[in-house]
Amino acid sequence: MAEIKTLEELKAYAERYFQSLKPCEKPEGWYTVEIRVMSYFDAISIARNLIKACLVVIDPDGAEVSNAIKNNRINPCDLLELALQIMPLAEFEMLDEIHKMVNSKNEG
């Protein structure tokens with residue numbers, strides 16, 4: 001791990017890790033996060049599970065989604081997979097590296 005001495009070196013270092021958020025053209029300052037799906041059906045299934053989970057949260061006494069909705073079971077695996085996909089792991093890896101750099105400077 002090389003010692004970073006300039007802002008340019010820090011930018012080059014960080015560029016390797018800042019991968020999860022992709023800048024949008026418009027509006028400026030906004031980003032997108034990639035979510036991988038196998039098909040259109042998979043994408044809509046994830047969206048339906050999010051909506052169904054929200055319905056249960058909004059009405060906890062009901063604790064279920066209306067029987068009027070076909071396939072009203074909530075698949076928590078879809079929701080957990082979505083959460084895993086949007087976690088910025090590379091950025092957290094960089095935080096660990098920065099933590100090591102800061103601690104090594106403090107010790108020496």
Side-chain angles (χ1 to χ4, degrees):
M1 182 169 17
E3 187 173 320
I4 297 172
K5 295 180 181 178
T6 67
L7 180 59
E8 295 308 314
E9 290 174 346
L10 177 61
K11 286 180 181 180
Y13 179 78
E15 193 173 305
R16 292 185 302 187
Y17 292 95
F18 287 141
Q19 300 171 8
S20 298
L21 299 179
K22 308 289 186 224
C24 295
E25 288 183 30
K26 292 184 181 179
E28 189 175 321
W30 284 65
Y31 298 87
T32 60
V33 176
E34 179 180 313
I35 299 172
R36 292 173 297 280
V37 296
M38 294 184 295
S39 64
Y40 284 102
F41 187 79
D42 189 34
I44 197 66
S45 293
I46 293 169
R48 286 175 51 90
N49 275 303
L50 284 169
I51 292 168
K52 289 185 273 186
C54 290
L55 287 169
V56 171
V57 169
I58 290 169
D59 184 14
D61 294 332
E64 66 179 43
V65 179
S66 166
N67 289 330
I69 299 173
K70 189 176 179 178
N71 189 12
N72 63 0
R73 292 188 58 228
I74 297 170
N75 184 348
C77 290
D78 283 351
L79 303 177
L80 293 170
E81 173 67 29
L82 179 64
L84 285 173
Q85 285 189 40
I86 62 174
M87 284 185 183
L89 295 180
E91 286 82 346
F92 283 111
E93 183 181 347
M94 183 181 75
L95 287 174
D96 280 342
E97 293 297 322
I98 290 172
H99 184 258
K100 288 177 193 172
M101 287 180 205
V102 170
N103 283 338
S104 69
K105 287 192 180 246
N106 288 340
E107 292 170 3

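- What you find for Tyr17 and Tyr13 is that their closest heavy atoms are CD1-O, 3.5 Å.
- Sequence neighbours left out, not one pair with a member in residues 87-96 passes salt bridge (Lys or Arg N to Asp or Glu O under 4.0 Å).
- The hydrophobic cluster of Tyr40 has no other members, since no ILVMFWY side-chain heavy atom comes under 4.5 Å of it.
- Ile86 and Leu95 are assigned to two separate hydrophobic clusters, defined by single-linkage of ILVMFWY side chains at heavy-atom distances under 4.5 Å.
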Please tabulate, for side-chain N and O atoms in residues 30-38, each donor-acceptor pair with protein atoms closer than 3.5 Å (sequence neighbours left out).
from: Thr32; atom 1: OG1; to: Lys22; atom 2: O; distance (Å): 3.4
from: Glu34; atom 1: OE2; to: Arg36; atom 2: NH1; distance (Å): 3.4

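- Considering CG of Asp78 and CG of Asp42, their distance stands at 6.5 Å, rounded to 0.5 Å.
- Summarising the geometry of Pro88 relative to Ser20, their closest heavy-atom pair is CA-OG, 3.1 Å, with the distance given to 0.1 Å.
- Interatomic distance, Cys54 SG to Asn49 CG, rounded to the nearest 0.5 Å: 10.5 Å.
- Each of Phe18 and Met87 belongs to its own hydrophobic cluster when Ile, Leu, Val, Met, Phe, Trp and Tyr are linked at side-chain heavy-atom distances under 4.5 angstrom.
- With rounding to the nearest 0.5 Å, the separation of CG in Leu10 from CD in Glu15 is 11.5 Å.
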